[in-house]
Asker: 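Structure below; questions to follow.
Bear in mind the structure is a predicted one, so any value in this text is a computation, not a measurement. Both counts, for ligands and for their atoms, begin at 1 and track the order of listing.
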Amino acid sequence: MSLTNQEKQSLIDLANKARQHAYIPYSHYPVGAALRTKTGKIYTGVNVENAAYPQTMCAERVAIFKAVSEGEKEFEIISVVTDNGGFPCGGCRQVMAEFGLETIVLMADGNGNLVKETTVKELLPEAFTPDKLVNR
Ligand code: THU
């Protein structure tokens, strides 16, 4: 199923709005994500930092884990919004790849402007995927 530009923009706007809840006392870099599943449900996420820095969780993973924890594992599209149109980190790309290389990824800036539309496959070529572990 392909989405209209209006649906894509609304996913960007949701991620942008979610950023107000980012917990970012250390980086002051709010990130928001909005994930739409194949059933049409939408899960948002923000980055949640920690005084023990490595325990920080990225916005994309919060959105994905919220979805998975509610039984949703088939994703259509995820939007990621930062002030300056930053791209998802390597760890988040790997977590996205777990659930499908065809998922569309939208990156947008703090004005809600689309910076790039791509796929997980393009963001993480030659990904390590679940099928690699079959029969072990
Ligand atoms: N961050 C994300 O939420 N997603 C990414 O893909 C890149 C980085 C967060 C983690 C941290 O809270 C802040 O951005 C700076 O690294």
Side-chain angles (χ1 to χ4, degrees):
M1 202 194 96
S2 68
L3 280 83
T4 63
N5 284 342
Q6 203 178 347
E7 286 173 312
K8 289 176 184 172
Q9 189 60 50
S10 103
L11 212 62
I12 288 170
D13 294 342
L14 278 173
N16 203 5
K17 185 154 181 274
R19 295 198 306 147
Q20 68 189 289
H21 299 304
Y23 179 72
I24 48 165
Y26 310 107
S27 74
H28 307 287
Y29 186 75
V31 185
L35 174 71
R36 180 168 151 153
T37 69
K38 288 196 174 157
T39 61
K41 289 195 184 130
I42 292 172
Y43 297 87
T44 59
V46 296
N47 47 337
V48 182
E49 297 185 344
N50 193 279
Y53 293 176
Q55 309 316 322
T56 290
M57 183 53 64
C58 290
E60 300 91 316
R61 274 180 273 177
V62 170
I64 291 169
F65 294 162
K66 278 169 75 176
V68 173
S69 71
E70 296 198 17
E72 295 279 339
K73 285 178 296 213
E74 294 191 30
F75 308 146
E76 190 163 15
I77 182 167
I78 184 168
S79 66
V80 184
V81 178
T82 61
D83 284 345
N84 55 2
F87 286 14
C89 79
C92 287
R93 295 178 195 205
Q94 179 64 35
V95 171
M96 290 175 191
E98 178 75 16
F99 300 101
L101 299 175
E102 307 302 327
T103 304
I104 297 165
V105 187
L106 307 176
M107 284 79 110
D109 66 22
N111 294 319
N113 293 320
L114 181 68
V115 171
K116 187 176 174 88
E117 173 172 343
T118 184
T119 60
V120 174
K121 196 196 291 188
E122 280 178 5
L123 285 175
L124 193 64
E126 305 191 55
F128 188 79
T129 45
D131 54 292
K132 306 288 190 308
L133 292 177
V134 166
N135 294 330
R136 280 182 197 276

Asker: Pair Val105, Val120 - check side chain to side chain contact (heavy atoms under 4.5 Å, CB included), show working.
Answerer: CA-CA 7 Å; Val105 187; Val120 174; 3.8 Å; yes

Asker: In order of chain and number, which residues sit within 4.0 Å of ligand 1 by heavy atom?
Answerer: Ser27, Tyr29, Val31, Asn47, Glu49, Thr56, Cys58, Ala59, Glu60, Pro88, Cys89

Asker: Tell me yes or no: between the side chains of Glu49 and Thr56, is some donor less than 3.5 Å from an acceptor?
Answerer: no

Asker: For Gln20, I'd like to know if atom CD has over 12 heavy atoms of other residues, nucleotides or ligands within 6.0 Å.
Answerer: yes

Asker: For Glu7, is there an ion pair with Arg36 - N to carboxylate O distance below 4.0 angstrom?
Answerer: yes

Asker: Can you name the residues that form a side-chain hydrogen bond (donor to acceptor under 3.5 Å, both in side chains) with Glu70, not counting sequence neighbours?
Answerer: none

Asker: Between Ser69 and Lys66, is any side-chain donor less than 3.5 angstrom from a side-chain acceptor?
Answerer: no

